[in-house]
Amino acid sequence: MEILNTLRNFAYWSIDALKGGEVKKDFQDIEKIFGYTSFTSLKEHQKPVLDNLLNAVVNNSTFYSGCKNYKSLSDFPIVNKSIIKDHFDDITFEDQESNYLPVKTSGSTGSPFSIFQTKRKK
């Protein structure tokens, strides 16, 4: 049984490497994050990712366009599923439908919900 696990592990990481190694990069990033000993170090590590995301939403969605002069994440409104559903067209990016995949829930927890994800996230 151990040899099958070894072969499966080798095959998985080989296929990931052939596809650009995105899973391995994410895995290594997560390992690095768990190695931080302070919250300040973690925030510094995540700052470029968060800044990239915040800049993308203020420049590409009507809903967040009023936050262009933000100083921090706390300058953004808190949203929930209801707000997303009510303002879906204003929240989504203009080119989102062509570059992202729609993901939908059946509504088993109360109401159906849909959102877009990147192919990598899916």
Side-chain angles (χ1 to χ4, degrees):
M1 190 65 122
E2 188 174 319
I3 195 161
L4 289 176
N5 287 338
T6 302
L7 286 171
R8 186 180 3 210
N9 188 34
F10 177 77
Y12 180 85
W13 291 115
S14 297
I15 291 169
D16 179 58
L18 291 171
K19 291 181 175 181
E22 294 297 325
V23 175
K24 182 153 190 152
K25 288 175 198 169
D26 288 343
F27 185 75
Q28 290 171 333
D29 190 46
I30 292 167
E31 281 185 321
K32 185 176 183 179
I33 288 169
F34 279 123
Y36 287 121
T37 56
S38 73
F39 186 62
T40 303
S41 300
L42 176 61
K43 285 194 314 188
E44 286 302 313
H45 175 80
Q46 295 292 63
K47 186 173 178 7
V49 177
L50 179 60
D51 288 344
N52 186 38
L53 175 64
L54 297 179
N55 287 328
V57 298
V58 298
N59 292 315
N60 296 301
S61 75
T62 306
F63 185 81
Y64 292 106
S65 64
C67 300
K68 285 192 180 189
N69 297 320
Y70 72 91
K71 303 259 186 288
S72 71
L73 181 61
S74 63
D75 294 332
F76 286 79
I78 296 172
V79 297
N80 57 27
K81 284 172 43 174
S82 175
I83 292 170
I84 293 171
K85 286 171 67 173
D86 292 344
H87 300 280
F88 189 79
D89 291 336
D90 293 333
I91 290 174
T92 56
F93 295 179
E94 292 178 14
D95 69 340
Q96 201 156 5
E97 291 185 32
S98 61
N99 295 322
Y100 297 84
L101 304 168
V103 178
K104 299 178 181 185
T105 65
S106 64
S108 62
T109 60
S111 65
F113 184 71
S114 65
I115 196 82
F116 288 104
Q117 291 181 346
T118 62
K119 291 178 183 174
R120 187 167 163 223
K121 174 71 175 178
K122 177 126 175 138

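In what follows, residues are counted from 1 in the order of the sequence shown.
- Listed by first then second residue, pairs satisfying side chain to side chain donor-acceptor pair (under 3.5 Å) with a partner in residues 78-88 read K85-S111, not counting sequence neighbours.
- Between C67 and P77, the shortest heavy-atom distance links the atoms SG-CD, 4.0 Å.
- Here the side chains of F88 and F116 are in contact, with some heavy-atom distance below 4.5 Å.
- Ion pairing of K47 with E44 is absent here, as no side-chain N (NZ or NE/NH1/NH2) approaches a carboxylate O to less than 4.0 Å.
- Taking the side-chain contact (heavy atoms from CB on, under 4.5 Å) definition, one finds that I33 meets it with D29, Y36, L42, H45, Q46, sequence neighbours left out.
- Neither side chain, S38 nor T40, offers a donor N or O lying under 3.5 Å from an acceptor on the other.
- Checked against the 6.0 Å centroid criterion, the rings of F76 and F63 do not qualify as a close aromatic pair.
- Judged by distance alone, the side chain of N55 and the main-chain N or O of D51 form a donor-acceptor pair under 3.5 Å.
- For D75, the salt bridge (charged side-chain N to carboxylate O under 4.0 Å, His left out) criterion is met by no residue, not counting sequence neighbours.
- Screening K19, K25, K24 for a salt bridge (charged side-chain N to carboxylate O under 4.0 Å, His left out) involving E22 leaves a single residue, K25.
- Between the CD1 atom in I115 and the CD1 atom in I91 there is a gap of 7.0 Å [rounded to 0.5 Å].
- Looking only at side-chain heavy atoms (C-beta outward), W13 and V23 come within less than 4.5 Å of each other.
- Counting heavy atoms of neighbouring residues, nucleotides and ligands inside a 6.0 Å radius, atom CD1 of I3 does not exceed 12 of them.
- With a 4.5 Å cut-off on side-chain heavy atoms, I30 and F27 do not count as touching.
- Separating the CD1 atom in I84 from the CG atom in D90 is a distance of 12.5 Å, to the nearest 0.5 Å.
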